[in-house]
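To keep things clear, I will list the structure first and then write my remarks on it.
Chain A is the first sequence line, chain B the second, and so forth, proteins listed ahead of strands; every chain is numbered from 1. Computed from a predicted structure; not experimentally measured.
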There are 2 protein chains.
Amino acid sequence: MDKNLKRMATMHRMQVTGLELFYKNGYYNTSIDDILKSLSLSKGAFYYHFQSKEDFFVSIVQNLIVRKVYSLLIEPIEGKEDPFQAIEKCFENALETAEHNEMDYGFVLSNFISEFNRRNTVISNYLMDIYKVWEVNLVSILQKGKSDGFVNRHVDSEGVATYLISSYMGVRTLMVQGNCRNLRYKYMQQLRHYFNSLAQKEAV
Amino acid sequence: MDKNLKRMATMHRMQVTGLELFYKNGYYNTSIDDILKSLSLSKGAFYYHFQSKEDFFVSIVQNLIVRKVYSLLIEPIEGKEDPFQAIEKCFENALETAEHNEMDYGFVLSNFISEFNRRNTVISNYLMDIYKVWEVNLVSILQKGKSDGFVNRHVDSEGVATYLISSYMGVRTLMVQGNCRNLRYKYMQQLRHYFNSLAQKEAV
DNA sequence: ATTTTTACCGACCACTTAGTCGGTAAAAAA
DNA sequence: TTTTTTACCGACTAAGTGGTCGGTAAAAAT
């Protein structure tokens, strides 16, 4: 552990900068040299710590993306009473982060899922695993919401989870082109509206 | 016109194959040589007809993507009586195409919007123009639906349009990883549910 | 019949890419 | 103190990349 400190620190620096550039320019459009240049490190350093570009990206997924998705999209809604309120707040926060910070990890996820789709199945699988955890988490909080009387019993929790994630990913795709504030406002309004219909008696 | 026939035919062949490969492998991950090889054409032929890779892609957007989005996502809902029914059918068709054919143009659009985002503003703008036309069309049919008594007057048409496009783009992102049938089913179910709430009296 | 244009060929260029490899200074282990 | 390991350097390679350019055969225009 102790003796690995320097190693870990350098690897972490590379991962953070790597994710930043991969996110900004895309994986295939970002070279290792780009990352190295912005860190003032050499090829040797990179291939000392990582086996390949792919291996490097996988380590980013497992060390940075997984954890951030957990802390931003999963933990905030876990164990909350009212699922709709919890999800609404969580999405609102995430979209606000997206607006200012321009790197919320729900979108990082969907962005990379798109990019690697059918181009790199290894990476795709790692990304889809995260998506599945997110989905399962939404489903379970909705199910619990049924017992607690917040969610109509006829609601299809899996369907709702899919719909929620879909719309979130979609609106984030649109937000990157600007007009974020307006999009966020419109999106949240419709989300509330949708939730209303799931709490009422008439449900599909 | 007549004398341009051969020219047009070759350009069209290049565009069709180009779109296929760009869609499958991504723009930055597809070389002109890849396209030329699969057409048994040479560099000379390419640069005789197009000025650059970017110019080539723009021509694909304007000749193929625009038209397909029109014929698949815009015209089918134009002039229909009940907006919800029209949109529902249209989306259902598009997602079915996606399932079998694996290239529906609503997704082609969102896919490329993601890829070019912040990487090529010229192309991004062409793509966003198409998105805007789609959105405007949805808004106007929803507005008309209000006059005709299908849509609740308190509904925010622009918000609904945004939400619809977002969710559609999102679900398509997820569909490419497989499990299409199930995703489509769940998505359509929730869409109908959402529409129900917009037709009723209580609206946001 | 001659000239010009069209549509294409493919060698070539400058540059970028992921990845290799021999070397090395400093730190840790012996 | 000597040896070994760690963490890194940077020149190099082979395989692409987008794009240029001189050439050419067939068709069209004159």
| field | Rounded distance in Å - NE2 (H49(B)) to C1' (dC9(C)) | value | 12 Å
| Note, R192(B) side chain near E88(B) side chain (heavy atom, < 4.5 Å) | yes
| When the distance from CG of N29(A) to C1' of dG18(D) is rounded to whole Å, what number comes out? | 13 Å
| task | Kindly confirm or rule out a cation-pi arrangement of K53(B) over F22(B), judged by NZ or CZ under 6.0 Å from the six-membered ring centre and within 45° of its axis? | result | no
| query | Roughly how many Å is it from CZ in F50(B) to P in dT20(D), rounded to a whole number? | reply | 15 Å
| Side-chain ion pair, K186(B) and E135(A), N-O less than 4.0 Å | yes
| request: Calculate the interatomic distance between D55(B) atom CG and dG18(D) atom P; express it in whole Å. | output: 14 Å
| request: Would you mind reading off the distance between Y48(A) atom OH and dA25(C) atom C1', rounded to a whole angstrom? | output: 14 Å
| request: Kindly state which residues belonging to residues 32-43 of chain B come within less than 4.0 angstrom of DNA chain D, counting heavy atoms of the residue only, listed by number. | output: I32(B), K43(B)
| said: Side-chain N or O of T10(B) versus OP1/OP2 of dC8(C): is the shortest distance under 4.0 Å? | reply: yes
| query | Between F46(A) (CZ) and dT6(D) (C1'), how many Å, whole number? | reply | 18 Å
| field | Separation of atom OH in Y47(B) from atom C1' in dC8(C), rounded to whole Å | value | 15 Å
| query | So, is S31(A) close to the dT16(C) phosphate, meaning a side-chain N or O under 4.0 Å from OP1 or OP2? | reply | no
| query | With under 30° as parallel and over 60° as perpendicular, where do the rings of F57(A) and Y27(A) fit, or are they tilted in between? | reply | perpendicular
| Y168(A) ring center near F91(A) ring center (under 6.0 Å) | yes
| For Y131(B), does the OH atom sit with more than 12 other heavy atoms under 6.0 Å from it, leaving out its own atoms? | yes
| When the distance from NZ of K53(B) to C1' of dG18(D) is rounded to whole Å, what number comes out? | 8 Å
